[in-house]
Amino acid sequence: MSRFKVLAVVQDEDIRFEIRKSLSADESIALVGFAAADEALLTKITGYAPHAVLLVKRKEEAGVLEYARLIYQKHPGCALILLTDEISLESVDSAMEAGIRKVVGLNDLSSLAGTIIKVSVLEQGRGGEKHKETRVISVYGTKGGSGKTNLAVNLAAAFSLSKHRTAFIDLCLIYGDASVYLDLSTKDTIAELVQERSDFTIDDIKSFTLQHASGLNAILAPSKPEFADYVTPRHVEKLINLMRPYYDYIVIDLPADFSECTLAALENSDDILIVAKPDISGLRNTKMALDVLNGLQQTEKIKLVINTERKGLLNHKDFERVLDMPVSFSIPEDTKNAVISMQRGIPIVMGMSSNPMAKAILGVSDYFYKLRGGAAK
Ligand SMILES: Nc1ncnc2c1ncn2[C@@H]1O[C@H](COP(=O)(O)OP(=O)(O)O)[C@@H](O)[C@H]1O
Ligand SMILES: [Mg+2]
């Protein structure tokens with residue numbers, strides 16, 4: 001059975017934690033992300049197409065019910081649940097009028113999962129046309145040099161070459177080098193975007209996006225390490241959510257860290273590809289990363305990728321045994337062509353699509369076509 005996707009609209013970190021905690025035990029629920037009650041919310045809902053939206057309203061907060069009304073009108077099939085510290089006949093009444101299906105006290109979230117399932121099933125009767133979902137795919141790994149960027153740029157290029165609307169975001173904010181792989185100039189990057197248009201819109205994003213020969217739209221990492229600090233987790237969340245409705249795939253290249261911006265990207269992604277080299281330190285670090293991501297309820301999104309698997313080293317079976325998780329993809333080593341493609345700035349799936357490394361990456365893209373419910377176009 002596919003799981004019930006839930007989006008929670010709440011800023012407060014403590015409440016986010018409580019929600020995560022109460023939903024973590026229920027396997028039929030996937031907490032797909034958090035959002036703020038702001039103008040980007042409806043766009044975010046279009047992108048995620050959640051079965052249920054949790055709206056948090058504390059006594060002093062106004063405006064939440066206005067968003068409930070809008071979601072109710074624009075997103076039939078999406079159930080609304082209000083979490084509040086103010087339960088009175090009057091407040092429940094106005095919630096119902098705004099299209100809320102159920103009001104839950106913030107002080108007791110123990111049966112929240114059951115409530116979500118119940119109201120989601122009810123709401124599906126009111127469902128509208130099924131939206132073909134955008135997939136936001138983060139490429140992550142615990143070490144530099146594991147092959148994250150190589151996979152991310154090639155995967156994005158593969159999506160784009162098969163006529164999918166594709167964006168690529170380089171969130172390696174300090175040493176992002178996707179511009180080298182894609183042979184693009186770093187004049188306009190994410191740093192210029194957030195500095196020049198702090199309250200950016202989708203039009204601003206588009207004007208800071210570079211088009212690559214494969215057709216993909218790229219937002220590049222800052223041209224200098226010192227510009228990384230301009231980018232905040234709020235920027236990352238907003239960027240992803242504003243872009244969602246305009247693309248079939250958004251591929252994000254992440255650094256080997258757990259910075260706030262990296263976490264924001266991971267939490268706002270649908271899929272996380274974890275790339276590891278088949279050696280002891282790759283295995284050990286991946287195990288630690290999986291533990292952290294498990295604590296953040298991100299495990300469901302993860303697919304493991306072994307890069308440069310070859311005889312004599314640890315193999316994918318060792319990884320599966322230690323990590324207790326399948327290895328979904330294995331990319332063979334091809335140093336000569338990896339170097340050539342990087343030097344030319346042409347992703348290997350473009351110039352050498354019959355090469356085994358390119359084929360393995362095309363296999364990853366095939367997996368996502370199927371997940372979105374279609375073949376390559
Ligand atoms: N499957 C592979 N076979 C051979 N070389 C590879 C492979 N994957 C990546 N590389 C090379 O390894 C180096 C590091 O890869 P990169 O993707 O930049 O790592 P990361 O982004 O994890 O730091 C690059 O020179 C890249 O061309
Ligand atoms: Mg990299």
Side-chain angles (χ1 to χ4, degrees), residues 137-158 168-184 186 189-190 212 216 218-225 228 231 236 251-259 261-262 265-266 269 272-279 281-286 288-289 302-316 319 327-365:
I137 305 164
S138 274
V139 180
Y140 185 68
T142 63
K143 286 170 73 163
S146 351
K148 300 181 290 297
T149 305
N150 184 57
L151 174 61
V153 294
N154 276 287
L155 185 59
F168 174 87
I169 309 176
D170 189 350
L171 283 184
C172 301
L173 297 172
I174 299 187
Y175 295 120
D177 57 359
S179 56
V180 178
Y181 282 79
L182 294 168
D183 193 21
L184 291 172
T186 52
T189 73
I190 189 168
H212 179 250
L216 70 80
I219 303 264
L220 294 176
S223 54
K224 292 189 178 158
V231 183
V236 171
V251 179
I252 304 176
D253 188 17
L254 288 176
D257 64 25
F258 276 124
S259 67
C261 285
T262 299
L266 292 169
S269 295
I272 301 171
L273 295 175
I274 299 196
V275 186
K277 277 195 153 182
D279 55 33
S281 105
L283 176 55
R284 174 182 168 275
N285 288 5
T286 303
M288 292 197 286
I302 297 173
K303 292 273 172 292
L304 290 177
V305 183
I306 303 282
N307 189 35
T308 64
E309 186 166 4
R310 60 191 143 103
K311 278 207 181 93
L313 290 174
L314 295 182
N315 64 25
H316 67 270
F319 270 66
V327 169
S328 302
F329 308 103
S330 174
I331 300 173
E333 182 163 39
D334 185 347
T335 305
K336 185 169 152 244
N337 287 314
V339 170
I340 292 175
S341 90
M342 193 173 20
Q343 278 172 352
R344 289 186 184 153
I346 303 174
I348 204 155
V349 294
M350 284 181 81
M352 315 176 214
S353 58
S354 56
N355 162 285
M357 182 173 45
K359 276 191 176 157
I361 296 174
L362 291 168
V364 183
S365 67

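Counting starts at 1 for both ligands and their atoms, following the listed order.
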Distance filter under 4.0 Å to Gly144 heavy atoms, resulting ligand 1 atoms: 23 (O)

Among protein atoms, how many N/O/S atoms lie less than 2.8 Å from the Mg ion (ligand 2)? 1

Test item: Lys148 side-chain N/O and Lys143 main-chain N/O as donor-acceptor pair under 3.5 Å: yes

If you take the nearest heavy atom of each of Arg310, Met342, Lys143, Lys336, which one is closest to atom 25 (O) of ligand 1? Met342

I want to know if ligand 1 touches Asp253 in the polar sense, i.e. an N/O pair below 3.5 angstrom. no

Give me the residue, atom name and distance of the protein heavy atom closest to atom 7 (C) of ligand 1. Asn307 ND2, 3.7 Å

Phe258 versus Leu266, closest heavy-atom pair with distance: CE2-CD1, 4.2 Å

Pair Thr186-Thr189, side-chain donor/acceptor within less than 3.5 Å: no

Here the pair of heavy atoms bringing Ala265 nearest to Ser138 is O-OG, 3.9 Å

Between Thr149 and the options Leu182, Asp170, Leu254, Asp177, the side chain to side chain contact (heavy atoms under 4.5 Å, CB included) test singles out Asp177

Could you walk me through whether Leu151 and Ile361 pass side-chain contact (heavy atoms from CB on, under 4.5 Å), step by step? CA-CA 7 Å; Leu151 174 61; Ile361 296 174; 4.0 Å; yes

Would you kindly specify which portion of Met357 sits under 4.0 Å from ligand 1, judged on non-hydrogen atoms: side chain, backbone, both or neither? side chain

In terms of heavy-atom contacts, Lys303 and Ser328 come closest through CD-OG, 3.1 Å

Protein contact for atom 22 (O) of ligand 1 (heavy atom, distance under 4.0 Å): yes

Check for me whether Pro332 has a heavy atom closer than 4.0 Å to any atom of ligand 1. yes

Among all protein non-hydrogen atoms, which one is nearest to atom 19 (O) of ligand 1, and what is the separation to 0.1 Å? Gly147 N, 3.0 Å

From SG (Cys261) to CD1 (Ile252), nearest 0.5 Å: 11.0 Å

Decide whether an N or O pair under 3.5 Å exists between Asp177 and ligand 1. no

To the nearest 0.5 Å, what is the distance between CG on Asn337 and CE on Met352? 4.0 Å

Identity and distance of the protein heavy atom lying nearest atom 24 (C) of ligand 1: Tyr181 OH, 3.5 Å

Backbone N/O of Arg310 and side chain of Glu333: donor-acceptor pair under 3.5 Å: no

Who's the nearest protein heavy-atom neighbour of atom 27 (O) of ligand 1, and how far? Ala338 CB, 3.6 Å

Looking at side-chain heavy atoms only, is the closest gap between Pro347 and His212 below 4.5 Å? yes

Keeping the roles fixed (side chain from Tyr140, backbone from Asp257), state whether a donor-acceptor pair exists under 3.5 Å. yes

Going by the rule side-chain contact (heavy atoms from CB on, under 4.5 Å), which residues pair with Tyr175 if we only count those two or more places apart in sequence or in a different chain? Pro225

What part of Asn150, side chain from CB on, backbone N/CA/C/O, both or neither, has a heavy atom under 4.0 Å from ligand 1? both

Going by the side chain to side chain contact (heavy atoms under 4.5 Å, CB included) test, name the single residue among Val349, Asn154, Leu155 that passes it with Leu362. Val349

Can you find a non-hydrogen atom of Gly145 under 4.0 Å from ligand 1? yes

May I ask you to check whether Thr308 has an N/O atom sitting below 3.5 Å from an N/O atom of ligand 1? no

Answer yes or no: does an N/O atom from Ser146 fall short of 3.5 Å to an N/O atom of ligand 1? yes

Which residue and non-hydrogen atom of the protein lie closest to atom 3 (N) of ligand 1, and at what distance in Å? Asp334 N, 2.9 Å

